[in-house]
Amino acid sequence: MRFPFELTASRVIQGRKDPSRHFTIVEGLITLPDNKRVFMEALLPDRQHFVPGQYAVEVALDIDRNRRLTAFVRALHPVQQKAAA
């Protein structure tokens, strides 16, 4: 599933158990199918660089072994802004 996402901040953190691993945390506002905008924070693998702006976020929904609904961010794709007329 793809949703519009307005990225406001991102940062890279180091793994606690394995300091050689790095993760990227992204924060922003996601627009849900009913047009409600809510705050979202996601942990992405590896060191990635993002700048604030408009993105399309790919979210995969799954049910874990404890029958809980989980959502994983698979990718962030920059959205091309239309040129001003």
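Side chains included, hydrogens not; waters and symmetry mates left out as well; all remaining heavy atoms used. Small disclaimer: the values here were computed from a predicted structure and weren't measured.
- Smallest separation of non-hydrogen atoms from Val79 and Ala56: CG2-N, 3.6 Å.
- Between Phe3 and Thr31, the closest side-chain pair of non-hydrogen atoms is not below 4.5 Å.
- Taken from CD in Gln54 to CG in Leu76, the straight-line distance is 12.0 Å, to the nearest 0.5 Å.
- Distance CG/Leu61 to CZ/Phe72: 10.0 Å, rounded to 0.5 Å.
- A distance of 9.5 Å separates CD of Glu58 from CZ of Arg74, quoted to the nearest 0.5 Å.
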Fill in: Derivation of the side-chain contact (heavy atoms from CB on, under 4.5 Å) call for Val57 and Met40
CA-CA 11 Å; Val57 63; Met40 181 185 91; 4.1 Å; yes
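- Taken from CZ in Arg11 to CD1 in Ile25, the straight-line distance is 4.0 Å, to the nearest 0.5 Å.
- Contacts of Asp62 classified as salt bridge (Lys or Arg N to Asp or Glu O under 4.0 Å), with partners at least two apart in sequence or in another chain: none.
- Of all non-hydrogen atoms in Leu43 and Phe23, the two that sit nearest each other are CD1-CB, 3.6 Å.
- Judged as a salt bridge (Lys or Arg N to Asp or Glu O under 4.0 Å), and not counting sequence neighbours, Arg21 has no contacts.
- When atom types are taken as modelled, the side chain of Thr24 and the backbone of Asp46 share a donor-acceptor pair closer than 3.5 angstrom.
- In terms of heavy atoms, Val51 sits closest to Leu7 at O-CD2, 3.7 Å.
- Here Leu32 contributes atom CG and Lys36 contributes atom NZ; the two are 8.5 Å apart, rounded to the nearest 0.5 Å.
- By the ring pair (Phe, Tyr, Trp, His ring centres under 6.0 Å) test, Phe50 pairs with Tyr55, sequence neighbours left out.
- One hydrophobic cluster holds both Phe5 and Met1 under the rule that ILVMFWY side chains link at heavy-atom gaps under 4.5 Å.
- The shortest non-hydrogen separation linking Pro52 to Thr8 is CG-O, 4.0 Å.
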